[in-house]
Amino acid sequence: MQAEDRINDFVVQIATVNGTGSSSANTLLMKAIFRMGIPVVGKNYFPSNIQGLPTWYEIRVTGEGYLARSSKVDIMVAMNAQTYAEDLASVVTNGVLIYDSSWPRAELEDRSDITVLPVPLSKMCNESFTGARARILMKNIAYVGAIAALIEIDRDVVRQLLSETFVDKPNLVDSNMQAFELGYDYSQAEFNCPLESRLVPMDAMTNHIMIDGNTAAALGCVYAGATVGSWYPITPSTSLFDAFGKFCKQLRQDLETGEQNYCIIQAEDELAAIGMALGAAWNGARAFTATSGPGVSLMSEFLGLAYFTEIPLVLFDVQRAGPSTGMPTRTQQSDILAAAFASHGDTRHVLLFPANPEECFRMAVSSFDLADRLQTPIIVMMDLDIGMNDWPCPELTWDDSYQPDRGKVYSAKELSNMDSFARYLDVDGDGICYRTLPGEHPKGAYLIRGSGHNKLGGYTENADEYVEVVDRLRRKFDTAAELVPEPVTETLNKSSCVIVTLGSCDGAVRETRSKLAADGVQTDYMRIRAFPFSKSVVKFLAGYSQVFVVEQNRDAQFCNLLQTEAGVSVDKLIPILSYGGMPIACEDIYGPILEKISQGKAA
């Protein structure tokens, strides 16, 4: 069969069994492509059990820089007999399926519209290596070699990556390279290499790195000056604290004395985790915690306490598919309303929506500044796709002149010159009061309470005094709208419709806009980066008759927030929803939008 060449524009998917050690091999393959200067992104679709169930790793090679999931598979590496039928069906016409032919499978020859390439991976590795575990691991590296020959990956790049990985274990470099060569040489000898889907080196990744959002956020916490982190393990946020601990050991330890300048506490549950962080923040430390949807539910009472008593706090919510336990290893954006209004009573929380690991780093820093300045919890709304998958992004840079914004904090000198201190008195009219830190000065002491209190910090059940405090908190939330990151907008001055989105939907929406433009359909764009919505959001959306809102949940939570909090008319809001747990793809957006636009023209 004949197929068009697909240079730097194809998808490789590897189907394996969870717990077989394939992750390192898959990452090696992706990073080798990245080292060739080609934009590439990896998505890991794995089960929530420890081992034994199917897992897939998808590598999208995208010379045009589209980083969203693709809904097609050009090259399938089928390493799991349990999913052969599913994997075979997923390959596009004129695609390729590679499988371990140590045990020939006639059913994989059922499709005449694809090319099946049998490679005896197990047989080759059993003959070349000893030990059951070593043979399994080396088989993974052997399929990387087979793919490398077929798509023209530079062997020297692979050797360099292995040398960096096993810098202290050169013998492992040699054994892994041996396994790689087994697969590579077999493909070269038995098949027509390269395939139509192949690589050509580029320089698009100069000054870029591969990093996941959890790691980037953890690094941002260190650079922001965070010294206390308390947490309870939960997928998919656990690796954020793993990374924070590693960075602290490197950057928060006195080189001469070995004294540690940080405290990381694994708490007994989510309630204890956020309680510890609040205590540290009240005492003046920059403190944070991280969790996912179930943890947000458990932490909501403490979030209400922090809101009402006005204690700075940063919370990273790495969202996953709910409700309840849901699907812990699948992605969603379904905590938006739960986070925005977490806790009972009239509470409103500031949310930040990073779209990629670089923004996870930047917003981690700004979240601590906002928390201190507003004296309230700041919730950074990530998701599993951003948090746990590797993304290419520009090298992270840092301004050494940065000084943390600690907000309105009275010094001992200022307190000594006062007659008295009132904790909840709005001196400046922006809803933000001055606070003190424990032990700073006797005049700065006050009793912190989650019960009703007046502007002086005293206990009250007086209606007028209570209303005065909660109305000021609402006024402070309005001030927050002036301080949070502004939206990203793109206008063509030709369109009456706009696509609005948030977070990790960004890549899929950008790809959709390009595809729509190729069809002659022009759309404007707004990516909202924070809640509360700034005045610019309201003003921008007022100019459109159709507002498509792309998000990853069933109930159009962000769309509802735009209606209730930004005053956007429900008549022009059109939700475009993806909530099956897979990262959103262009195909999830393009068809529904095109259909709605066509219906509008027909009407």
Is it the case that Gln552 and Gln332 place a side-chain donor and acceptor less than 3.5 Å from each other?
no
Take Arg510 and Glu490 through the salt bridge (Lys or Arg N to Asp or Glu O under 4.0 Å) test and state the conclusion after the steps.
CA-CA 10 Å; Arg510 290 184 178 277; Glu490 296 177 11; 2.5 Å; yes
Are Tyr66 and Val41 side-chain neighbours, meaning at least one heavy-atom pair lies under 4.5 Å?
no
Evaluation steps, side chain to side chain contact (heavy atoms under 4.5 Å, CB included), between Phe10 and Ser70:
CA-CA 9 Å; Phe10 57 90; Ser70 174; over 6 Å; no
Would you say the side-chain atoms of Arg159 pair up with the backbone N or O of Met177, donor to acceptor, closer than 3.5 Å?
no
Ignoring hydrogens and geometry beyond distance, is a side-chain donor-acceptor pair present between Asp203 and Thr206 at under 3.5 Å?
no
Under the criterion side chain to side chain contact (heavy atoms under 4.5 Å, CB included), I'd like the reasoning laid out for Leu29 against Ile153: C-alpha separation, chi angles, the key distance, then a yes or no.
CA-CA 9 Å; Leu29 179 60; Ile153 288 180; 3.3 Å; yes
Hey, does Asn94 have a side-chain heavy atom less than 4.5 Å from the side chain of Glu196?
no
Glu64 atom CD, over 12 foreign heavy atoms within 6.0 Å:
no
Any chance you could measure Ile33, atom CD1, to Met210, atom CE, to the nearest 0.5 Å?
9.5 Å
Side-chain donor-acceptor pair present, Asn553, Glu551, cut-off under 3.5 Å
yes
Side-chain donor/acceptor of Ser230 to backbone N/O of Ala277, under 3.5 Å:
yes
Separation between CH2 (Trp391) and OG (Ser504), nearest 0.5 Å, reads 6.0 Å
Is there a ring pair (Phe, Tyr, Trp, His ring centres under 6.0 Å) between Phe244 and Phe316 once you walk through the steps?
CA-CA 13 Å; Phe244 182 68; Phe316 293 91; 9.5 Å; no
Within the 3.5 Å criterion, strictly below it, is a donor on Asn26 or Tyr143 matched to an acceptor on the partner's side chain?
yes
I'd like to know if the side chain of Gln333 reaches the main chain of Leu502, judged simply by a donor and an acceptor atom lying under 3.5 Å from each other, with no hydrogens or angles considered.
yes
What is the minimum heavy-atom distance between Trp231 and Thr289, and which atoms define it?
CA-OG1, 3.9 Å
Output the distance between atom CD1 (Ile264) and atom OG1 (Thr227), rounded to the nearest 0.5 Å.
10.5 Å
Would you say Cys248 and Gln260 make side-chain contact, with heavy atoms under 4.5 Å?
no
Residue pair Arg35 / Val157: nearest heavy atoms and the distance that separates them
CB-CG1, 3.5 Å
Parallel, tilted or perpendicular: rings of Tyr544 and Phe540 (30°, 60°):
tilted
Exactly one candidate in Asp385, Asp390, Asp212 meets salt bridge (Lys or Arg N to Asp or Glu O under 4.0 Å) with Lys43; the answer is Asp385
Ring center gap for Tyr184 and Tyr186 short of 6.0 angstrom
no
Heavy-atom nearest pair, Ala480 first then Leu374, reads CB-CD1, 3.7 Å
Quick one: are Tyr590 and Asp519 in side-chain contact, heavy atoms under 4.5 Å?
yes
Is Asn140 reaching over with its side chain to a backbone N or O of Gly21, donor-acceptor style, under 3.5 angstrom?
yes
So CG of Leu28 and OG of Ser23: to nearest 0.5 Å the spacing works out to 11.0 Å
Where do Ser197 and Asp74 come nearest, in terms of heavy atoms and distance?
OG-CB, 4.3 Å
Atom CZ of residue position Arg373 - does it have more than 12 heavy atoms of other residues, nucleotides or ligands inside 6.0 Å?
no
Working to the nearest 0.5 angstrom, can you tell me the gap between Cys586 SG and Glu511 CD?
4.5 Å
Quick one: closest heavy-atom pair of Glu152 and Pro194, and the distance?
CG-CB, 3.4 Å
Distance in Å, Thr501 OG1 paired with Ile576 CD1, rounded so as to fall on 0.5 Å steps:
10.5 Å
Main-chain N/O of Asp405 paired to Asp369 side chain as donor or acceptor, under 3.5 Å:
yes
Would you say the side-chain atoms of Ser534 pair up with the backbone N or O of Glu486, donor to acceptor, closer than 3.5 Å?
no
Please confirm whether the ring centroid of Phe558 lies under 6.0 Å from the ring centroid of Phe533.
yes
Side chains of Pro39 and Met202: closer than 4.5 Å at any heavy-atom pair?
yes
Run Arg198 and Leu195 through side chain to side chain contact (heavy atoms under 4.5 Å, CB included) and show every step you take.
CA-CA 6 Å; Arg198 64 183 187 274; Leu195 300 173; 5.5 Å; no
Is there a donor-acceptor pair closer than 3.5 Å between any side-chain N or O of Arg286 and the backbone N or O of Ala224?
yes
Between Val158 and Ala32, what is the shortest heavy-atom contact and its length?
CG2-CB, 4.2 Å
Give a yes or no answer on whether the side chain of Asp174 reaches the backbone of Asn171 with a donor-acceptor pair at less than 3.5 Å.
no
Between Arg320 (side chain) and Leu384 (backbone), is there a donor-acceptor pair under 3.5 Å?
no
Do Cys360 and Pro354 have side-chain heavy atoms sitting under 4.5 Å apart?
yes
Does Tyr223 form a ring pair (Phe, Tyr, Trp, His ring centres under 6.0 Å) with Tyr402? I'd like the steps, not just the answer.
CA-CA 9 Å; Tyr223 274 76; Tyr402 166 79; 9.1 Å; no
Exam field: side chain Asp524 to backbone Leu492, donor-acceptor pair closer than 3.5 Å
yes
Below 4.5 Å, heavy atoms only, C-beta onward: do Asn261 and Asp254 meet side chain to side chain?
no
How about Asn389 and Asn44: do any of their side-chain heavy atoms sit closer than 4.5 Å?
yes
Could you walk me through whether Lys31 and Glu164 pass the salt bridge (Lys or Arg N to Asp or Glu O under 4.0 Å) test, one step at a time?
CA-CA 12 Å; Lys31 288 185 176 180; Glu164 293 171 8; over 6 Å; no
For Tyr525 and Asp506, does a side-chain donor sit closer than 3.5 Å to a side-chain acceptor?
yes
Where do Leu352 and Leu370 land on the side chain to side chain contact (heavy atoms under 4.5 Å, CB included) test, with the steps shown first?
CA-CA 10 Å; Leu352 301 182; Leu370 285 169; 4.1 Å; yes
Can you classify the ring geometry of Phe241 versus Phe288 as parallel (below 30°), tilted (30 to 60°) or perpendicular (above 60°)?
parallel
